[in-house]
Amino acid sequence: MMIIMKHGSTQVEIEHVIEHIRELGLTSHLSVGEDHTVIGAVGDTHAVPTAEFEVLDGVESVIRISQPYKLASRQFHPKNSIFPLDGFNVGGDEITIIAGPCSVESREQLLETALAVRAAGAHALRGGVFKPRTSPYTFQGLGEEGLELVAEARQATGMPVVVEITSITQLELMIKYVDVIQVGARNMQNFALLSALGKTQTPILLKRGMSATIEELLMASEYILSGGNQRVMLCERGIRTFETATRNTTDINAIPVLKSLTHLPVILDPSHSTGHADYVTAVARAAIAAGADGLIIEVHPDPAHALSDGRQSLKPEKFVELVKQVGLIAEVMGRKLAPIASTQKA
Ligand code: PEP
Ligand code: MN
């Protein structure tokens with residue numbers, strides 16, 4: 001339920017509405033806009049008549065949010081959510097490019113990749129250290145040692161870092177080292193993890209599960225938002241279909257659908273959605289043309305010897321080309337790439 005306050009409503013009136021929400025056993029979410037203050041009353045509102053709030057001082061109108069995801073919905077927050085990330089904004093007119101290896105493998109591999117993607121125009125560095133691998137016999141990631149390398153690469157390049165969490169037990173470590181916590185496809189419905197992330201203030205990149213619907217993705221984001229963490233980016237990373245020519249099928253439809261249903265930034269991962277380096281750049285272009293706010297791309301200096309996802313990893317020179325092409329498509333769309341990090345970390 002959304003309580004829209006009158007223009008010029010007082011702090012006392014707003015607090016009174018919030019107090020009434022609490023009395024009804026619901027949670028309040030305040031959104032102060034340029035024109036109106038909107039207060040979300042979230043919880044089981046079925047039995048609560050809108051008149052409960054309509055009669056309160058300062059209330060202009062009360063609207064029921066019809067979608068099951070409340071805080072993620074555009075009904076609740078009509079404008080795009082834009083949030084800063086170390087010098088640039090995510091979710092606004094500017095396109096964000098996150099790039100780096102699938103896995104952090106060694107100091108040399110990570111630093112070489114980080115410097116290369118930065119020089120090519122990436123805004124943030126990715127690199128997994130806890131890898132959710134299908135086989136327990138394959139490389140599982142460097143763990144905390146990998147996070148120290150990530151911190152070094154962050155320092156050397158000035159880029160914020162994006163790292164995947166695979167268990168709630170890693171949360172403390174993640175908060176210490178990481179600028180954006182990635183929730184992978186396999187954990188999209190790890191509800192205990194999502195709730196714990198909702199209690200942090202670290203930005204989250206939430207990937208769509210490989211067989212999850214768009215609504216399920218939005219409901220997953222709601223677990224994070226309802227905990228109080230408003231900085232969630234959604235990531236389409238391909239879904240399982242009958243097609244076997246590619247690792248997954250890029251659901252390009254998901255981009256405009258998500259952009260219309262939610263105010264959250266939408267990122268595409270063409271590396272996992274295609275599974276093949278030859279197709280990544282084409283699908284990256286399509287993503288920006290379809291309205292995505294950013295991309296996450298796997299890059300490796302020597303893909304043939306990568307310890308994970310080498311087949312879909314771009315060599316740095318191919319990534320340079322991708323950034324150029326994506327920049328051109330962005331211009332056609334009336335957007336531009338975000339400026340690159342200019343300073344080293346202190
Ligand atoms: C990854 O980003 O390396 C990864 C494991 O992605 P996903 O969760 O989309 O499979
Ligand atoms: Mn990967």
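When a ligand or atom number is given, it counts from 1 through the structure's own listing order.
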Salt-bridge criterion met for [X] and [Y] (N-O under 4.0 Å):
{"X": "Glu19", "Y": "Arg22", "answer": "yes"}
{"X": "Arg154", "Y": "Asp179", "answer": "yes"}
{"X": "Asp278", "Y": "Arg311", "answer": "no"}
{"X": "Lys6", "Y": "Asp57", "answer": "no"}
{"X": "Lys336", "Y": "Glu94", "answer": "yes"}
{"X": "Arg126", "Y": "Glu298", "answer": "yes"}

Touching ligand 1 at all, [X]? Heavy atoms, strictly under 4.0 Å?
{"X": "Gly128", "answer": "no"}
{"X": "Arg126", "answer": "yes"}
{"X": "Met210", "answer": "no"}

Under 4.0 Å from a heavy atom of [X]: which atoms of ligand 1 are those, numbered in the order shown and with their elements?
{"X": "Cys102", "value": "3 (O)"}
{"X": "Arg237", "value": "7 (P), 9 (O), 10 (O)"}
{"X": "Lys131", "value": "1 (C), 3 (O)"}
{"X": "Gly184", "value": "8 (O)"}
{"X": "Glu298", "value": "1 (C), 3 (O)"}

Are more than 12 heavy atoms from other residues, nucleotides or ligands located less than 6.0 Å from atom [atom1] of [X]?
{"X": "Arg64", "atom1": "CZ", "value": "yes"}
{"X": "Tyr223", "atom1": "OH", "value": "no"}
{"X": "Glu172", "atom1": "CD", "value": "no"}

Specify the protein heavy atom at minimum distance from [atom]: its residue, its atom name, and the distance to 0.1 Å.
{"atom": "atom 8 (O) of ligand 1", "answer": "Ala185 N, 2.7 Å"}
{"atom": "atom 5 (C) of ligand 1", "answer": "Glu164 OE1, 3.5 Å"}
{"atom": "atom 4 (C) of ligand 1", "answer": "His272 NE2, 3.4 Å"}
{"atom": "atom 6 (O) of ligand 1", "answer": "Lys207 NZ, 2.9 Å"}

Checklist entry - Would Leu115 and Ile98 show up in the same hydrophobic cluster when neighbours are defined by side-chain heavy atoms closer than 4.5 Å? => result no
Subject >> the Mn ion (ligand 2): protein N, O or S atoms [distance under 2.8 Å] >> reply: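 Those protein N, O or S atoms (cut-off: under 2.8 Å from the Mn ion (ligand 2)) are Cys102 SG, His272 NE2, Glu298 OE2, Asp309 OD2.
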Under the side chain to side chain contact (heavy atoms under 4.5 Å, CB included) rule, what do Phe83 and Met233 come out as? Steps first, then yes or no, please.
CA-CA 10 Å; Phe83 50 83; Met233 296 174 249; 3.6 Å; yes
Could you point out which residue of Leu205, Leu194, Ile224, Thr262 forms a side chain to side chain contact (heavy atoms under 4.5 Å, CB included) with Val232?
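Of the listed options, the one satisfying the test is Ile224.
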